[in-house]
Amino acid sequence: MLLGVIADDFTGASDIANTIAKGLCGEGGLRTAQFLGIPEQPAPGGIEAGVIALKSRSIPAAEAVEQSLAALAWLRAQGCGQIIFKYCSTFDSTQQGNIGPVGEALANALGVKGVVACPAFPGAGRTLYQGHLFVKDRLLNQSGLEHHPLNPMTDPDLRGWLRLQTNSPVGHVAWARVAKGTAAIDADLKQASEAGETMVIVDAVSDDDLIVIGEALRDAPLITGGSGIAIGLPRNFIRRGLAKGSKAVTPPIAGPEAILAGSCSGATRGQVDQHKARHPALALDVDSVMTGETTSREAVEFITTNHGKSPLVYSSGTPEEVARLQERYGRDKVAHTLDRLFADTARELVARGVRRLVVAGGETSGAVVSALDLGPLAIGPEIDPGVPVLVSGGSRPVALALKSGNFGAPDFFEKALGRLEGK
């Protein structure tokens with residue numbers, strides 16, 4: 001294994017796995033597998049990049065650090081010489097966690113400073129300029145992410161945000177230096193390391209910027225960022241003759257289908273609205289779920305009754321609705337209860353023969369795949385930017401699409417079910 005990734009949630013893991021498996025146009029990527037949690041056994045042969053999906057984005061920072069260091073140890077034991085700590089392209093974390101503590105802990109374990117921190121993903125509208133993160137044409141704190149139910153982002157200045165989470169100074173490589181090429185980036189990162197800056201925000205406003213940054217990171221033991229930071233990395237291994245470049249291919253999976261949506265992002269709410277206009281959809285009453293009146297049984301029966309019609313079960317609500325529920329029941333209790341319902345639903349659906357499963361929301365995806373315990377997932381073709389087809393092994397494989405809340409076109413749900421089936 002050449003390249004190892006530690007991802008802080010499951011949709012983010014499939015996002016960067018997609019980037020690595022796809023590689024640059026015409027060159028191919030690395031043979032990539034996604035692992036749901038830290039494996040207890042060595043990786044199967046033939047894997048060039050391993051992506052470990054943790055559910056560590058919103059847990060206490062100390063726990064996130066412990067899990068990430070354990071993932072690092074496993075990846076290094078597989079031979080990985082380069083490690084990526086992958087977090088969301090909208091830098092989802094509170095002022096108290098978890099990106100800074102995990103990044104510093106990994107850097108300390110590897111004995112490095114001057115570590116790049118770049119969440120930019122221009123293909124999804126996330127760009128970084130003068131240390132400030134934009135979502136399309138809006139600053140991060142004006143993009144709707146300020147209403148995130150778990151990790152509200154109220155400041156687009158990532159240097160300032162990261163300083164609140166770290167023990168060492170935070171550096172910055174401005175876009176003007178990135179535009180000068182790899183030598184300038186190398187020089188600035190070296191200077192940051194000598195100044196004792198463990199993590200360094202690096203600007204990027206285009207995929208070309210990320211490719212140049214990737215070239216500068218050819219020998220970096222540790223990189224942190226969104227999935228975009230990996231765009232140029234497979235090329236480094238291919239040019240050195242360590243990998244040949246391959247195309248992401250998975251078998252088509254037919255059979256019963258289901259869509260589960262637990263994200264409350266604007267993009268997911270729009271996808272829900274479009275899908276339910278043409279397909280059966282069940283809106284979960286969260287108050288009823290919290291009191292125990294509604295359980296996974298209702299969701300399972302709705303899905304199985306509507307097989308072949310692309311059925312959707314969702315709990316997505318507006319920011320105002322989410323705030324009301326959190327005020328009444330408590331933020332963590334609402335999240336835990338809904339995650340458990342979706343996990344129980346998915347487990348029963350697969351037991352009943354569902355073979356194509358689309359899940360919206362990082363926390364929801366983490367709960368679902370943890371419950372299913374599918375083992376390593378092969379990375380297939382891209383559905384929409386940042387979302388690939390995932391297929392489990394075994395005699396009865398399951399195909400999945402795990403979508404971050406803000407990702408995907410308005411028709412994502414119907415499109416994803418078709419791609420899982422090879423259409």
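For reference, positions follow the sequence shown, starting with 1. Bear in mind the structure is a predicted one, so any value in this text is a computation, not a measurement.
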Residues R235, E215; criterion salt bridge (Lys or Arg N to Asp or Glu O under 4.0 Å); working and verdict: CA-CA 8 Å; R235 169 188 278 182; E215 292 173 353; 3.4 Å; yes
What heavy-atom pair brings [X] and [Y] nearest, and what distance separates the two atoms?
{"X": "V65", "Y": "A105", "value": "CG1-CB, 3.6 Å"}
{"X": "S263", "Y": "T364", "value": "N-OG1, 4.3 Å"}
{"X": "P388", "Y": "G380", "value": "CB-O, 3.8 Å"}
{"X": "V350", "Y": "L372", "value": "CG2-CD2, 3.7 Å"}
{"X": "A399", "Y": "V391", "value": "CB-CG2, 4.2 Å"}
{"X": "R355", "Y": "G255", "value": "CB-CA, 4.4 Å"}

Checking salt bridge (Lys or Arg N to Asp or Glu O under 4.0 Å) for the pair R324/D287: CA distance, chi angles, key distance, verdict? CA-CA 10 Å; R324 178 186 65 80; D287 282 306; 3.2 Å; yes
Quick one: does D339's side chain get under 4.5 Å of K55's, heavy atoms only? yes
Are E421 and P252 packed together at the side-chain level, in the sense that at least one heavy-atom pair is separated by less than 4.5 angstrom? no
Could you give me the CA-CA distance, side-chain angles and deciding distance for I83 and I6, then say whether side-chain contact (heavy atoms from CB on, under 4.5 Å) is met? CA-CA 8 Å; I83 302 293; I6 302 166; 4.1 Å; yes
Of all pairs that satisfy salt bridge (charged side-chain N to carboxylate O under 4.0 Å, His left out), the ones with a partner from residues 93-103, not counting sequence neighbours: none
Of all pairs that satisfy salt bridge (charged side-chain N to carboxylate O under 4.0 Å, His left out), the ones with a partner from residues 291-310, not counting sequence neighbours: E301-R352
Got a second to check how far S58's OG is from E363's CD, nearest 0.5 Å? 4.5 Å
Give, for atom CG of L349 and atom NE2 of H307, the distance between the pair rounded to the nearest 0.5 Å. 6.5 Å
side-chain hydrogen bond (donor to acceptor under 3.5 Å, both in side chains): pairs with one or both residues in [range], sequence neighbours excluded:
{"range": "residues 378-390", "answer": "N18-E382, K22-E382, D384-K415"}
{"range": "residues 248-262", "answer": "none"}
{"range": "residues 396-405", "answer": "T268-K403, Q271-K403"}

Checking side-chain contact (heavy atoms from CB on, under 4.5 Å) for the pair Y314/K276: CA distance, chi angles, key distance, verdict? CA-CA 10 Å; Y314 68 97; K276 71 182 184 181; 3.2 Å; yes
side-chain contact (heavy atoms from CB on, under 4.5 Å) between Q67 and V102: does it pass, once the steps are laid out? CA-CA 9 Å; Q67 291 182 21; V102 171; over 6 Å; no
Main chain of L217, side chain of Q82: is a donor-acceptor contact present, judged purely on distance under 3.5 Å?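 Yes; judged by distance alone, with no hydrogens or angles, the pair exists.
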Between Q78 (side chain only) and A43 (backbone N and O only), is there a donor and an acceptor less than 3.5 Å apart?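 A pair under 3.5 Å: yes.
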Pair S206, D208: side-chain N/O donor-acceptor within cut-off below 3.5 Å: no
Do D15 and S227 have a side chain donor and acceptor closer than 3.5 Å?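 Looking only at side-chain atoms, S227 and D15 do form a donor-acceptor pair, the distance falling under 3.5 Å.
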Please collect all ring pair (Phe, Tyr, Trp, His ring centres under 6.0 Å) contacts where either partner lies in residues 76-100, sequence neighbours excluded, each pair once.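 Output for this query lists F85-Y87, Y87-F91.
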